[in-house]
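What follows is a set of notes on a single structure, which appears directly below.
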Amino acid sequence: MMGISEKEFAMLARLARLEFDGERKQEFMSEFEEIINFANAVNNAVAGDTESIKDTGGDNVMFEELREDTVKESLPNEKITSGVTPVNGYFTVKRVVK
Amino acid sequence: MKSVIGELSALLKSRKISSVELTKKYISEIEKKNGNLNAYVHLTFDEALKNAENADKLIKEGKGTPLTGIPMTLKDNICTDGILTTCCSKILEGHRPCYDATVWKRLKQCGAVLLGKTNMDEFAMGSASETSCYGAPKNPVDVMRVAGGSSGGGAAAVKAGLAAYALGSDTGGSVRQPAAFCGTVGFKPTYGAISRYGLIAYASSFDQIGILSAGVEDAAEIYNAVCGADEYDMTCCPRNMPEIKPEVDVKGLKIGIAEEFYKGLDSEIRAAVDRAVAVYEKAGAEIMLVKLPSLEYVLPVYYILACAEASSNLGRYDGIRYGSRAENYSGVDEMITITRSQGFGKEVQKRIMLGTYVLSGGYSDAYYKKARVLREHIKAEFNSVFGLCDVLLAPTVPQTAFPLGYSGGNPIETYLSDICTVPANIAGLPAVSVPCGVDGKGLPIGLQIIGDRFNESAVLSAALFAEKSGICDIDGGVL
């Protein structure tokens with residue numbers, strides 16, 4: 001069984017910008033460990049270190065069509081702010097830094 | 001099964017019914033049944049009646065298409081200008097995009113009528129739509145069971161006659177699996193065949209918009225309307241796609257059977273798929289056994305890569321630019337952390353954590369990089385197989401619809417139910433699920449047909465044969 005320490009879990013949570021405490025943390029850690037063990041099957045399939053493995057892309061992107069970089073009229077402010085309560089035509093957000 | 005769109009379109013064209021009248025009928029059905037089924041999470045009846053009035057004008061002027069005036073629905077992760085699009089997540093509560101997804105823009109141009117947005121797993125992460133912040137949709141065949149996921153609301157709506165068709169998204173089987181559970185058609189085209197512009201991202205190299213409909217010809221009609229080049233999606237095929245007209249003749253069609261799809265299969269499902277294979281063979285199709293040994297690794301590969309992409313895609317939800325924000329915090333970092341912890345549900349948090357883990361220093365080589373290598377192996381195996389045969393026949397799901405509450409159990413067991421659908425997403429292949437009978441409890445069984453990239457024609461033709469030959473013996477989607 002691959003294990004994950006509390007310290008490691010806390011570091012991951014920080015990177016993911018999530019927080020877990022008490023019972024929820026224990027439940028998460030236990031399920032997380034199970035999922036990592038499940039994912040570990042890839043190590044049985046591709047043995048050894050990956051230094052020598054050439055990354056061949058490994059995704060489905062067959063096309064990467066870029067369009068001409070032309071200047072176009074952007075959406076009007078009224079449209080962009082239609083889902084919020086604008087002030088003087090701008091987004092207003094709650095104060096983040098207090 | 002039959003073509004609901006064909007039937008309704010004929011009625012509209014002959015003016016036996018107007019689109020406004022038809023839309024009102026669907027609205028009345030939704031008002032009667034949605035309280036129980038929970039298929040729709042946002043209703044857009046005013047918009048629908050306006051769309052219907054415009055459609056009636058187009059039909060009167062002789063400018064209609066087969067989709068003009070037909071009431072339909074979109075999954076809650078497809079952006080609609082000014083209409084709630086929340087991915088069934090608390091973090092996107094109240095979110096109204098200021099633009100339309102390309103698929104909706106194209107359907108609007110055809111005169112489609114949008115009845116509302118349908119229920120789904122939060123950010124499309126799940127197999128039963130039970131991770132939705134609005135609660136799970138129920139299966140119209142048996143309301144004590146799930147409608148599947150993540151496009152469960154769309155499948156339930158089509159099956160119950162609450163929409164003529166639905167658009168969903170399929171990242172690991174999210175259109176085909178609910179179609180199999182509810183007894184409808186679920187079609188996932190080739191990656192890149194339909195623009196993803198305006199589809200809220202989960203795992204960008206797997207995500208594909210798909211179609212839920214009552215019949216195969218309906219699916220082809222919708223596909224023809226929405227597929228093709230889009231300057232706003234660089235991964236979309238840059239050429240216009242040929243129109244698909246599925247044909248019912250399967251004589252000489254080479255059908256591959258890969259035993260790897262049949263491991264751990266419920267015996268009733270195995271028997272139903274075997275019966276279907278025999279019908280194809282009797283009609284002149286050539287059946288051959290093929291090998292796909294790398295399928296053993298599809299689930300770990302999928303969950304590693306999809307979660308890695310999800311952890312990056314969902315990084316944008318920070319309480320500043322979208323949706324809801326935590327009330328109590330003491331600084332920016334804390335605000336972001338609390339917002340995300342309160343806004344995302346458990347399954348989404350789990351997948352973000354797994355994605356963060358497999359991308360983090362020290363583990364990306366062991367997991368992420370190896371998964372990418374294996375993905376190439378899997379794609380190469382499919383390439384070899386499609387050098388031998390035209391399509392593969394397989395079950396869509398190893399079991400029929402789960403009882404409600406199932407996905408709250410062991411996460412691995414839930415992930416294992418994706419075993420037959422995930423391969424097509426890993427390799428970007430077109431695949432369709434059509435009904436092929438019911439089990440002893442009367443629950444629908446799905447038959448999956450997988451084809452080579454951009455061979456939608458072979459996939460839908462084989463599916464149409466299933467429909468016309470009586471393999472699909474379930475009615476659905478008829479108002």
Side-chain angles (χ1 to χ4, degrees), chain A residues 2 4 8-9 11-21 24 27-29 31-32 34-51 53-68 75-76 78-84 91 93-94 96-98, chain B residues 82 94-99 191-192 205-206 229 231 234-238 294 296-297 299-301 303-305 311 315 318 320 325 330-333 335-338 340-341 344 349-350 352-354 356-358 360 365-367 369-376 410-412 415 427-428 453:
Chain A
M2 293 273 296
I4 179 164
E8 224 174 356
F9 189 83
M11 280 165 67
L12 278 178
R14 192 164 166 243
L15 275 172
R17 300 210 162 193
L18 292 168
E19 64 176 8
F20 303 89
D21 41 32
R24 199 163 153 261
E27 187 194 348
F28 242 89
M29 276 185 68
E31 281 192 6
F32 192 69
E34 205 173 338
I35 297 167
I36 293 168
N37 281 313
F38 168 70
N40 203 35
V42 297
N43 281 306
N44 302 331
V46 184
D49 68 67
T50 52
E51 292 292 306
I53 297 172
K54 189 178 161 223
D55 194 340
T56 49
D59 57 31
N60 276 325
V61 179
M62 288 174 79
F63 312 102
E64 285 190 299
E65 282 290 303
L66 296 172
R67 60 188 147 95
E68 283 294 306
L75 288 172
E78 302 78 58
K79 179 78 188 162
I80 294 167
T81 54
S82 59
V84 296
F91 284 107
V93 290
K94 285 184 209 164
V96 173
V97 183
K98 290 182 178 173
Chain B
H95 177 59
R96 291 176 193 271
C98 58
Y99 70 100
Y191 182 86
S205 78
F206 297 86
E231 64 172 340
M234 67 187 288
T235 63
C236 191
C237 176
S294 292
E296 187 183 339
Y297 301 107
L299 287 175
V301 166
Y303 278 98
I304 288 170
L305 296 179
S311 73
D318 54 10
I320 296 173
R325 181 188 295 179
S330 58
V332 183
D333 280 338
M335 185 276 287
I336 294 172
T337 302
I338 296 174
R340 286 167 63 83
S341 303
F344 289 132
Q349 291 189 23
K350 208 188 298 171
I352 292 173
M353 285 288 281
L354 181 63
T356 308
Y357 178 79
V358 299
S360 62
D365 275 2
Y367 293 97
K369 201 167 171 183
K370 287 188 178 178
R372 278 170 71 96
V373 170
L374 279 170
R375 186 178 196 176
E376 286 300 297
N410 184 309
I412 306 299
Y415 296 170
R453 283 181 174 204

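In the text below, chain A, chain B and the rest are named by the order of the sequence lines, each starting its count at 1.
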[X] versus chain B, the contacting section by heavy-atom distance below 4.5 Å:
X	result
Phe28(A)	side chain
Arg24(A)	side chain
Glu68(A)	neither
Leu75(A)	side chain
Phe20(A)	side chain

Which portion of [X] sits near chain A, non-hydrogen atoms under 4.5 angstrom:
X	value
Ile412(B)	side chain
Ala229(B)	neither
Ser311(B)	neither
Tyr415(B)	side chain
Met353(B)	both

Any non-hydrogen side-chain atom of [X] less than 4.5 Å from a side-chain atom of [Y]?
X	Y	answer
Ile4(A)	Leu12(A)	yes
Met335(B)	Ile320(B)	yes
Arg375(B)	Ser205(B)	yes
Ile36(A)	Tyr357(B)	yes

Arg340(B) (side chain) donor-acceptor with Gln349(B) (main chain) under 3.5 angstrom: no
Smallest separation among heavy atoms of Ile336(B) and Asp318(B), with atom names: CG1-O, 3.6 Å
Minimum heavy-atom distance Ala366(B)-Val42(A), with the two atoms named: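 The answer is O-CG2, 3.8 Å.
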Among the listed options [options], the residue most often paired with chain A at heavy-atom distances under 4.5 Å:
options	result
Cys236(B), Pro97(B), Ser360(B), Cys237(B)	Cys237(B)
Asp333(B), Thr356(B), Val301(B), Val332(B)	Thr356(B)
Thr235(B), Ile338(B), Ile352(B)	Thr235(B)
Pro238(B), Gly428(B), Gly192(B)	Pro238(B)

Phe344(B) six-ring face occupied by Arg17(A) cation (under 6.0 Å, within 45°):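 Not flagged: Arg17(A) not positioned over aromatic ring of Phe344(B).
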Parallel, tilted or perpendicular, as decided by the 30° and 60° cut-offs, for the rings of Phe32(A) and Phe9(A):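 Aromatic pair Phe9(A)/Phe32(A) classed perpendicular.
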